[in-house]
Engineer: 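Sending over a structure as structure tokens; questions will come in a sec.
For the numbers below, each heavy atom of this structure counts, side chains included, while hydrogens, waters and symmetry mates do not.
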Amino acid sequence: SLAIRRAIGDRAGEGTTLNNISQIYHARGDYDTALDFLQQALAIQQAIGDRADKGVTLSNIAGLYRARGDYDTALDFLQQSLAILQAIGNLAGEGKTLNNISAIYHARGDYDTALDFLQQAIPILRTINDRAGEGTTLDNLAQLYYIRGDYDTALDFFQQSLAIRRAIGDRAGEGATLNNISLIYRARGDTDTALDFLQQSLTIRRDIGDRAGEGTTLDNISQIYKAHGDYDTALKYLQDSLTIRRAIGDRAGEGTTLNNISQIYDTRGDTATALEFLQQSLAIRRAIGDRAGEGTTLSNIAHIYNAQGDHDTALDLLQQSLAICQAIGDRAGEGTMLNNIATAAVACGDYAMALDFLQKSLAIFHAIGNRAGEGATLNNISAIYNARGDYDIALEYLQQSLAISQDISDATGLCMTLFNMGHIHWQNDQPDEALGAWLAAYELASRIGHAQVLAALEGLAGQLGLPGGLAGW
């Protein structure tokens with residue numbers, strides 16, 4: 001097509017074809033080549049005064065900068081594009097560009113502004129019967145409700161989006177929405193269903209050569225294996241994801257995967273390596289303006305300082321993270337930060353403050369249906385009552401936590417809860433029950449390689465006089 005259009009001097013057609021070729025390279029993650037074709041297209045469109053196609057090309061250039069995490073440049077190109085498309089009455093282009101502007105604000109954590117742009121886009125796309133654009137916008141709306149913890153509304157929008165994308169044969173969109181639906185099930189603790197959606201997504205994304213999407217889905221699959229305690233498999237998926245994201249210049253994705261890799265090393269007790277990955281992640285997330293990601297990484301860094309006994313530094317980092325979550329409306333993140341601040345308060349001996357934060361955290365997780373977060377918080381509340389000597393209430397909270405961990409196959413949470421239940425039974429003069437819980441924790445921690453629980457059990461073995469330290473179990 002390009003050769004013919006050049007041969008007959010069809011400059012407008014040449015620009016359109018260059019634009020279309022760029023989208024192939026964009027989908028493959030070859031952003032440099034995609035940008036080269038778009039710049040050629042833009043030069044032609046400017047030369048011949050083709051405003052309609054120029055508006056589309058500017059929007060596509062913005063998409064490349066957004067993929068690289070350069071949100072300021074992306075937003076500048078999108079605003080140029082929107083002005084042109086609105087001026088010439090190109091409703092299809094206007095709807096798409098409003099959607100893309102929303103994505104910039106979404107990435108920056110400004111969810112209210114992101115929602116406003118999507119709400120402008122959806123009636124335009126429906127008016128002109130742009131089914132593909134409607135499917136994209138519904139998916140993006142769902143993501144905003146997911147972040148706010150409204151999983152029912154999010155799932156409804158995702159299912160509407162999936163139905164449209166399948167009906168029109170939008171394979172790339174179908175892969176994206178399948179990936180996103182998995183997040184709802186993972187948050188609710190249904191990891192088997194989440195993994196099924198992710199595997200469907202991965203198959204599609206590999207089939208169509210969607211490298212950026214493949215990197216995202218590999219990262220999300222890793223989190224299922226991490227939740228199951230299979231850290232080796234989780235790390236393999238994360239390393240595959242990181243390789244792709246670095247190769248295609250996906251800075252936002254790279255920041256996410258570096259953060260997630262750190263959590264594997266932290267769980268294994270290698271805090272020095274974990275901190276290295278977290279510092280790399282934080283630098284990227286701050287550089288590209290990823291506020292939600294910055295909050296997550298600050299919290300994970302705080303966890304390491306807290307474990308090292310530097311509670312003041314940990315608390316400062318957690319308060320920065322909480323402020324970000326509250327500012328951007330990240331309800332799940334807010335619940336996690338409140339939980340983490342409580343942990344720091346316990347380390348400082350302020351149990352009343354810790355319990356207050358934990359109860360707020362529990363209310364959020366329960367309200368949004370985040371079962372893994374609810375289970376972890378119940379476990380932490382039990383620790384407060386344990387420290388106060390109220391062992392019966394502590395055990396009640398642990399039993400609730402245990403039921404959730406078993407129900408959602410949260411191996412890490414189950415391991416921690418069993419260990420803590422052993423202590424309660426021991427303090428209640430129930431040695432058989434205590435040893436049974438600790439032995440179950442040992443078997444599970446050994447299988448999944450949970451360094452923190454294994455280290456605690458090794459110390460406990462010495463206190464109990466078991467021969468051979470950890471092997472005594």
Side-chain angles (χ1 to χ4, degrees), residues 146 149-152 154-155 181-197 220 223-231 234 263 267 299 303 330-343 346 354-355 357-386 390-425 433-434 436-445 447-448 450 452-453 456:
Y146 165 75
D150 186 347
Y151 299 142
D152 289 338
L155 188 58
I181 288 173
S182 79
L183 301 177
I184 303 292
Y185 287 100
R186 189 177 110 201
R188 287 175 166 171
D190 186 350
T191 52
D192 290 338
T193 303
L195 187 58
D196 178 61
F197 277 103
N220 288 335
Q223 299 308 289
I224 303 296
Y225 284 101
K226 176 176 176 282
H228 288 170
D230 186 349
Y231 303 131
Q263 298 309 284
T267 302
S299 172
H303 173 74
D330 179 0
R331 293 279 282 159
E334 182 181 356
T336 300
M337 292 318 112
L338 288 166
N339 210 317
N340 293 343
I341 289 173
T343 301
V346 167
L355 189 58
F357 277 109
L358 286 170
Q359 288 169 335
K360 289 176 181 174
S361 173
L362 185 64
I364 289 172
F365 284 134
H366 185 72
I368 68 177
N370 186 324
R371 301 207 69 208
E374 189 177 350
T377 306
L378 288 165
N379 202 323
N380 292 339
I381 290 174
S382 81
I384 304 294
Y385 286 101
N386 182 28
D390 195 340
Y391 303 135
D392 289 338
I393 294 180
L395 188 59
E396 281 178 24
Y397 278 104
L398 285 173
Q399 287 167 335
Q400 292 177 56
S401 177
L402 184 71
I404 290 173
S405 295
Q406 290 172 329
D407 191 39
I408 68 176
S409 301
D410 178 3
T412 300
L414 185 59
C415 205
M416 297 291 291
T417 302
L418 286 166
F419 180 79
N420 292 338
M421 287 181 80
H423 279 288
I424 302 295
H425 286 305
E433 289 86 346
W438 285 329
L439 184 58
Y442 168 73
E443 290 171 347
L444 183 55
R447 179 170 62 80
I448 69 176
H450 197 303
Q452 293 164 336
V453 171

Engineer: Please check if the side chain of Thr267 supplies one atom and the backbone of Gln263 the other of a donor-acceptor pair under 3.5 Å.
Structural biologist: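 Side chain of Thr267 to backbone of Gln263, a donor-acceptor pair under 3.5 Å: yes, one is there.
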
Engineer: Is the shortest heavy-atom distance from the side chain of Leu414 to the side chain of Leu402 under 4.5 Å?
Structural biologist: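 The answer is yes; the side chains approach within 4.5 Å.
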
Engineer: Counting C-beta onward and ignoring hydrogens, is there a side-chain heavy-atom pair between Leu183 and Phe197 closer than 4.5 Å?
Structural biologist: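 They are not in contact (no side-chain heavy atoms under 4.5 Å apart), so the answer is no.
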
Engineer: If you count the non-hydrogen atoms of other residues, nucleotides and ligands that lie under 6.0 Å from NE2 in His228, is the total more than 12?
Structural biologist: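 Enclosed: over 12 neighbouring heavy atoms sit under 6.0 Å from NE2 of His228.
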
Engineer: With sequence neighbours excluded, tell me which residues meet side-chain contact (heavy atoms from CB on, under 4.5 Å) with Ala434.
Structural biologist: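 Testing Ala434 for side-chain contact (heavy atoms from CB on, under 4.5 Å), a comparison that skips the adjacent residues, returns His425, Trp426, Trp438.
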
Engineer: How far apart are the closest heavy atoms of Cys415 and Ala441, and which atoms are they?
Structural biologist: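 Answer, listing the atom of Cys415 first, then Ala441: SG-O, 3.6 Å.
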
Engineer: Can you find a pair of side-chain heavy atoms, one from Leu355 and one from Tyr385, that are under 4.5 Å apart?
Structural biologist: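 Touching, per the 4.5 Å side-chain cut-off.
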
Engineer: For residues 390-404, which residue pairs qualify under side-chain hydrogen bond (donor to acceptor under 3.5 Å, both in side chains), counting only residues two or more places apart or in two chains?
Structural biologist: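 Passing the test, one end in residues 390-404: Ser401-Thr417.
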
Engineer: When rounded to the nearest 0.5 angstrom, what is the spacing between OH in Tyr146 and CG in Asp330?
Structural biologist: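 If I round to the nearest 0.5 Å, the distance is 9.0 Å.
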
Engineer: Between Asp152 and Arg188, is there a salt bridge with N-O shorter than 4.0 Å?
Structural biologist: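 Yes, charged N to carboxylate O under 4.0 Å.
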
Engineer: Is the shortest side-chain heavy-atom distance between Thr412 and Tyr231 below 4.5 Å?
Structural biologist: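 Yes, close enough: below the 4.5 Å cut-off.
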
Engineer: Measuring from atom CD1 of Ile364 to atom CD of Gln359, what distance do you get when rounded to the nearest 0.5 angstrom?
Structural biologist: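 So the gap between those two atoms works out to 12.5 Å.
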
Engineer: Tell me, do Asp410 and Ile404 make a side-chain contact under 4.5 Å, heavy atoms counted?
Structural biologist: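 Asp410 does not reach Ile404 side chain to side chain.
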
Engineer: Verify the neighbour count for atom CE of Met421: are there more than 12 heavy atoms of other residues, nucleotides or ligands below 6.0 Å?
Structural biologist: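 Yes, enclosed.
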
Engineer: Side chains of residues 331-340: which donor-acceptor pairs under 3.5 Å do they make with residues two or more places apart or in other chains?
Structural biologist:
{"from": "Glu334", "atom 1": "OE2", "to": "Gln326", "atom 2": "NE2", "distance (Å)": "3.4"}
{"from": "Thr336", "atom 1": "OG1", "to": "Ala332", "atom 2": "O", "distance (Å)": "3.2"}
{"from": "Asn339", "atom 1": "OD1", "to": "Asn380", "atom 2": "ND2", "distance (Å)": "2.5"}
{"from": "Asn339", "atom 1": "ND2", "to": "Thr377", "atom 2": "OG1", "distance (Å)": "2.4"}
{"from": "Asn340", "atom 1": "ND2", "to": "Ser299", "atom 2": "OG", "distance (Å)": "2.7"}
{"from": "Asn340", "atom 1": "ND2", "to": "Thr336", "atom 2": "O", "distance (Å)": "3.4"}

Engineer: Taking Ser382 for the side chain and Asn379 for the main chain, is one N or O donor matched with an acceptor at less than 3.5 Å?
Structural biologist: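 Here the side-chain-to-backbone pair exists.
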
